[in-house]
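Written below as structure tokens is the structure these notes are about.
Note that ligands are numbered from 1 as they come in the structure, with each ligand's atoms numbered from 1 the same way. If you're wondering where the values come from, they're calculated on a predicted model, not measured in any experiment.
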Amino acid sequence: MEIGKVHMDTLNGDRAAIVEDAITSRRSIRRFLDTPVPRELISHLLSVAGRAPSGSNIQPWRVYVMDGEKKAALVNALLASLAEGPPDYPREYNYYPLEFPEPYLARRRACGWGLYSALGIERGKNERMAAQHGRNYAFFDAPVGMIFTIDDFLQPGSWLDYGMFLQSIMVAARGYGLHTCAQAAFATYHKTIREQLSIPNGQTIICGMSLGYADPDAPENAFTPDREPVEAYTTFVD
Ligand SMILES: Cc1cc2nc3c(=O)[nH]c(=O)nc-3n(C[C@H](O)[C@H](O)[C@H](O)COP(=O)(O)O)c2cc1C
């Protein structure tokens with residue numbers, strides 16, 4: 001598979017550098033170019049990601065890929081649902097706790113304000129913030145949108161497996177100069193998505209993902225959130 005492959009050729013075969021570059025150059029991109037991504041390449045990325053580990057190799061992932069009219073139809077339906085206001089039905093699962101204790105609250109706020117300040121959105125400009133949030137449902141203009149589901153009866157262990165699959169897609173994409181954004185925002189409007197994509201009952205809609213080439217001039221793409229130092233979350237136990 002040679003389509004668009006960039007990183008492997010530029011790093012002189014240094015395996016650590018190649019792997020680390022793929023991981024650390026991944027970041028959430030929130031404005032994409034309309035350059036198409038060949039289906040063969042999308043399939044290839046999903047097959048690479050399918051090598052992700054899962055307990056007893058049960059491979060709990062199910063992926064719905066859209067790169068044409070169906071994506072446009074889903075985006076229209078989601079934007080219509082968004083315009084109607086918050087859904088009048090419950091979530092399928094809670095991504096976040098209902099109340100955020102520290103240190104998570106401060107990190108969450110820093111992330112939100114970091115993005116808004118990159119976009120020049122000042123505090124209190126709720127309409128602009130809502131508009132930026134709404135761009136989630138247009139897959140940030142990416143040529144490829146994906147929706148991920150999992151069978152309802154599977155347990156938290158399988159959600160652990162699922163995260164590895166999602167990260168593997170995002171990292172594999174970097175080898176081809178592609179970028180991504182994982183998006184739990186889609187889970188809010190699970191009914192609209194289920195209807196549009198004919199997703200059977202019995203599958204929970206976990207999240208979506210945008211995939212494509214980053215718009216290098218978009219201010220929102222310049223936002224790179226910090227990370228805690230290793231010492232903040234690691235204990236070497238002697
Ligand atoms: C499962 C998951 C769901 C996410 N959902 C959204 C989302 O709905 N909208 C969004 O703009 N970013 C979303 N993000 C991106 C996070 O905000 C981002 O990963 C975090 O701020 C770290 O930034 P980075 O990905 O650029 O390193 C999500 C990330 C993950 C892993």
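- Here the protein heavy atom with the shortest distance to atom 9 (N) of ligand 1 is N136 OD1, 2.8 Å.
- Dense packing is recorded around CD of E102, with more than 12 heavy atoms of other residues, nucleotides or ligands lying under 6.0 Å away.
- For atom 12 (N) of ligand 1, the nearest protein heavy atom (residue, atom name, distance) is R30 NH2, 3.1 Å.
- Counting the atoms of ligand 1 from 1 in the order shown, those under 4.0 Å from a heavy atom of A185 are 8 (O).
- Between V65 and V144 there is a side-chain heavy-atom pair separated by less than 4.5 Å.
- Distances shorter than 4.0 angstrom occur between a heavy atom of R26 and an atom of ligand 1.
- When heavy-atom distances to ligand 1 are checked against a 4.0 Å cut-off, F140 comes that close only through its side chain, counted from C-beta outward.
- Of the heavy atoms in C181, only side-chain atoms (C-beta onward) come closer than 4.0 Å to ligand 1.
- Between F165 and W61, the ring-plane angle classifies as parallel under the 30° and 60° cut-offs.
- Residue L78 forms a side chain to side chain contact (heavy atoms under 4.5 Å, CB included) with just one option from L74, L82, V75, and that option is L74.
- Between A182, A110, S28, C111, it is A182 that holds the heavy atom closest to atom 13 (C) of ligand 1.
- Under 4.0 angstrom from ligand 1, the non-hydrogen atoms of A184 come from both its backbone and its side chain.
- Between the side chains of Q203 and Y64, at least one donor N or O sits under 3.5 Å from an acceptor N or O.
- Under 4.0 angstrom from ligand 1, there are no non-hydrogen atoms of F186.
- The minimum heavy-atom distance between I150 and L154, with the atom names listed, is CG1-CD1, 3.9 Å.
- Among all non-hydrogen protein atoms, the one lying nearest atom 23 (O) of ligand 1 is P225 CG, 3.2 Å.
- Looking from atom 1 (C) of ligand 1 to the surrounding protein, the closest heavy atom is Y95 OH, 3.2 Å.
- Nearest non-hydrogen protein atom to atom 27 (O) of ligand 1 is R227 NH2, 2.7 Å.
- Counting heavy-atom neighbours within 6.0 Å of R109 CZ, excluding the residue itself, gives a total of 12 or less.
- A salt bridge is defined here as a Lys NZ or Arg NE, NH1 or NH2 lying under 4.0 Å from an Asp or Glu carboxylate O, and R135 with D141 meets this definition.
- Relative orientation of the Y95 and Y93 rings is perpendicular, given thresholds of 30° and 60° on the angle between their planes.
- Neither the backbone nor the side chain of M170 comes within contact range of ligand 1; no heavy atom lies under 4.0 Å.
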